[in-house]
Amino acid sequence: MKTWLQHFDRHFIKYSFWAVLALIACSWLYILKDQPNALADLFRSENWDYLLEFVQGMLGIGEELPAYLDPDMWRQALILTWETFVMSILATGMAAFAMFVFVLPSARNVVRGKLGFKVRWYHKVAYHLSRFLFLFSRAVPELMWAMILVFIFKPGILPGALALAVHNFGVLGKLCGEVIEDMDEKPIRHLAQNGASQAQMLFYGIYPTVMRAFLNYILYRMENIIRATLIVGFVGASGLGMQFKLAMSFFHYSEITLYLLCYLLLVYATDLLSAWAKSYIAEKD
């Protein structure tokens, strides 16, 4: 048995590569079975004509003043960019706060008492509840959450931020819970053996150990939230996404170019901010 497992480990990458190729081939065969012309339709000459027409529209060819050259349009677009940034920061803050509330009960080593905490009957209840909340919230995409929340609330920044927060709450809970489960348990046990209280073990043992990884994951999800704001905006959750959808609906292609430029600037600025924060955390360590 052991020899077979070693043989499998040595050839795992090769087996995985061929398995991926087989899945891709099976996927195409499944598509071609129902749509025999699906592959040929990708390379139709009409598609290139539509693409050329769309690109010309984005460049503003034939317009007297394209939107991306209009100062008033830039002013409005930058206001929308700021709203999008506010939405993403609000979503990140809510997701991170909720994650901190539920992440500790969701860790197996905590609920099993391996970190020195006293195990009570309600710890198992909290464990299963937190695990279910993390699973359910991340299983539903941001767009679906946004559709539900826009139906409940009026369109605006708040339902978009809530939709992004609910989904990323589950993602952060999964990632940060695994950080706690994979941490070195010996220092925490030493604190417990030396008479440290549960609060002292938490604030002097667990959080200092995992906080750097937590912050890295929060910053990583913030970058993803920035990118997802465009998607939730399609269902009326304000920001650049909503105006992008309106521009597409009314065939204002040069406005699409303007909103894409603002969106790229926003993503680039967020990446710079995230990189600076990560380097600052690394220097403090």
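For this chain, numbers begin at 1 and follow the sequence in order.
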Glu63 vs Ser254, side-chain hydrogen bond (donor to acceptor under 3.5 Å, both in side chains): CA-CA, chis, key distance, verdict:
CA-CA 9 Å; Glu63 295 186 29; Ser254 63; 3.1 Å; yes
Trp48/Phe54 aromatic ring centres below 6.0 Å
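Between Trp48 and Phe54, the centre distance exceeds or equals 6.0 Å.
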For Phe97, which residues count as a ring pair (Phe, Tyr, Trp, His ring centres under 6.0 Å) partner, sequence neighbours excluded?
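None.
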Return the set of residues passing ring pair (Phe, Tyr, Trp, His ring centres under 6.0 Å) with Phe169 (not counting sequence neighbours), or none when no residue passes.
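Phe169 satisfies ring pair (Phe, Tyr, Trp, His ring centres under 6.0 Å) with Phe102, Phe134 once adjacent residues are dropped.
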If I compare all heavy atoms of [X] with all of [Y], which pair ends up nearest, and what's the gap?
| X | Y | answer |
| --- | --- | --- |
| Thr84 | Thr229 | CG2-OG1, 3.2 Å |
| Ile226 | Ser88 | CD1-OG, 2.9 Å |
| Ala161 | Ala91 | O-CB, 3.3 Å |

Quick one: sort the Phe136 and Phe132 rings into parallel, tilted or perpendicular, breaks at 30° and 60°.
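Phe136 and Phe132: parallel rings.
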Enumerate the salt bridge (Lys or Arg N to Asp or Glu O under 4.0 Å) contacts for [range], please, sequence neighbours excluded, ordered by first and then second residue.
| range | value |
| --- | --- |
| residues 87-109 | Arg108-Glu181 |
| residues 79-98 | none |
| residues 43-52 | none |

Which residues share a salt bridge (Lys or Arg N to Asp or Glu O under 4.0 Å) with Arg112, sequence neighbours left out
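Arg112 satisfies salt bridge (Lys or Arg N to Asp or Glu O under 4.0 Å) with no other residue.
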